[in-house]
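Just so it is clear, the model here is predicted, and its values are computed rather than measured.
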Amino acid sequence: MTPAVRTVAPVTDPVPLVFDSPHSGSIYPDDFRHAIDRMTLRRSEDAHVEELFAPAVREGAYLVHALFPRCYVDPNRNSDDIDLSMIDGTWDGEVNPTFKTLQRGVGLIWKDMKAFGPVYDRKLTAAEIRHRIDGFWRPYHQELQRMLDELHGAHGQVLHVNCHSMASMGDRTTEDGEVPRPDFVIGDRDGSTCSPRMTDCVVETLRQLGYSVAVNDPYKGFELVRRHGRPQDGRHSIQIEINRRLYMDEATLSKVEGFLPLEENLTVLTRALCDLARDPSRL
């Protein structure tokens, strides 16, 4: 079976801080059988995001990242976020599709890429979908939950940073429309998934580094921060969206000159979050 998830432990004294990258996986399972061109499909990846945050382990943080592509099965969706029209036959599980699933085709299993066309030229069987959930989606969630629980148990609190990248421009299908995006969008679901001090730490550190930063616009955070962010219990989750033009060519997915400076600046951010994680009184 294609591996689902990798966890990289810190190489120095650990702190209760976990970065996770659910959308940077690029190992395409043999049973995917997509109809759309592979390079077009790869536009859905948050390419290289796990590499940008890889130096975090030298600062004491953990890094969890998916190895499979989000368009195969999306860890940042709930397992019941399913479009029944994609299934050949009946589905015996719960179904609760979101707006993005029904209107944009980007739910637990991606259906189409709008301007680029449908992902499949067929319907999927219930067995295929169950295999993706049990073999990929569930192991990712279990591993992230395990890490967060272990660190929370050891320290009484844990900080979780959910890492993504975004296209430099919105389009007619996105929340913000056809407009240029800032360097970063920080999401805490309107202050519900982490302490305000964690949000302030991320936003102010990035702004001091010279970046333009928006908060909860157009991205507030989705399933993973919703699931794990309970600040009242000492569990703080925040989402970071990085503008892809900062570090890669969006057409070819190749890294550009800005990759290394961005990686260095994200390490500065990691150090600020490590300092916050070490001192519970600051949260």
What residues form a side chain to side chain contact (heavy atoms under 4.5 Å, CB included) with [X], not counting sequence neighbours?
{"X": "D279", "value": "S281, R282"}
{"X": "D88", "value": "K123"}
{"X": "E150", "value": "R146"}
{"X": "S79", "value": "I133, W137"}

List the steps, then state whether side-chain contact (heavy atoms from CB on, under 4.5 Å) holds for Y120 with K111.
-> CA-CA 7 Å; Y120 304 97; K111 183 177 182 179; over 6 Å; no
All pairs passing side chain to side chain donor-acceptor pair (under 3.5 Å) where residues 197-206 contributes a residue, at least two apart |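 As it turns out, the side chain to side chain donor-acceptor pair (under 3.5 Å) pairs with a partner in residues 197-206, which skip direct neighbours, are D188-T199.
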Identify, with sequence neighbours excluded, every residue that meets side chain to side chain donor-acceptor pair (under 3.5 Å) alongside [X].
{"X": "R271", "value": "E59"}
{"X": "R43", "value": "none"}
{"X": "R245", "value": "D183"}
{"X": "R77", "value": "none"}

L276 and L209: same hydrophobic cluster, using ILVMFWY side-chain contacts below 4.5 Å?
->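 They do share one cluster, since a chain of ILVMFWY contacts under 4.5 Å joins L276 to L209.
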Are L67 and V73 connected in the hydrophobic side-chain network, where two residues link if heavy atoms are under 4.5 Å apart?
->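 Unlinked, L67 and V73 end up in two clusters.
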For N243 and R181, indicate whether the former's side chain and the latter's backbone hold a donor-acceptor pair under 3.5 Å.
->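 Here the side-chain-to-backbone pair exists.
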Selection residues 143-172 - residue pairs positive for ring pair (Phe, Tyr, Trp, His ring centres under 6.0 Å), sequence neighbours left out =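 Every ring pair (Phe, Tyr, Trp, His ring centres under 6.0 Å) pair that includes a residue of residues 143-172, provided the two are not neighbours, is H23-H164, H160-H228.
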Name all pairs fulfilling the ring pair (Phe, Tyr, Trp, His ring centres under 6.0 Å) condition that reach into residues 39-65, sequence neighbours left out, sorted by first residue then second.
->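 Only F19-F53 qualify under ring pair (Phe, Tyr, Trp, His ring centres under 6.0 Å).
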Ionic contact status for E263 with K255, cut-off 4.0 Å =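 Salt bridge absent between K255 and E263.
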May I ask you to decide whether R6 forms a salt bridge with E50, counting only side-chain N to carboxylate O separations under 4.0 Å?
->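 No, this pair does not count.
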Donor + acceptor pair across side chains of [X], [Y] (<3.5 Å):
{"X": "R226", "Y": "N78", "answer": "no"}
{"X": "T101", "Y": "T98", "answer": "yes"}
{"X": "S165", "Y": "R244", "answer": "yes"}

Validation row: I109, I82 side chains within 4.5 angstrom (heavy atoms) =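 No, too far: nothing below the 4.5 Å cut-off.
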With sequence neighbours excluded, what pairs up with F184 under the ring pair (Phe, Tyr, Trp, His ring centres under 6.0 Å) test?
->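 Scan of F184 (ring pair (Phe, Tyr, Trp, His ring centres under 6.0 Å), adjacent residues dropped) gives Y211.
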Parallel, tilted or perpendicular: which describes the rings of F32 and H34, with under 30° parallel and over 60° perpendicular?
->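 Judged by the thresholds at 30° and 60°, the geometry between F32 and H34 is perpendicular.
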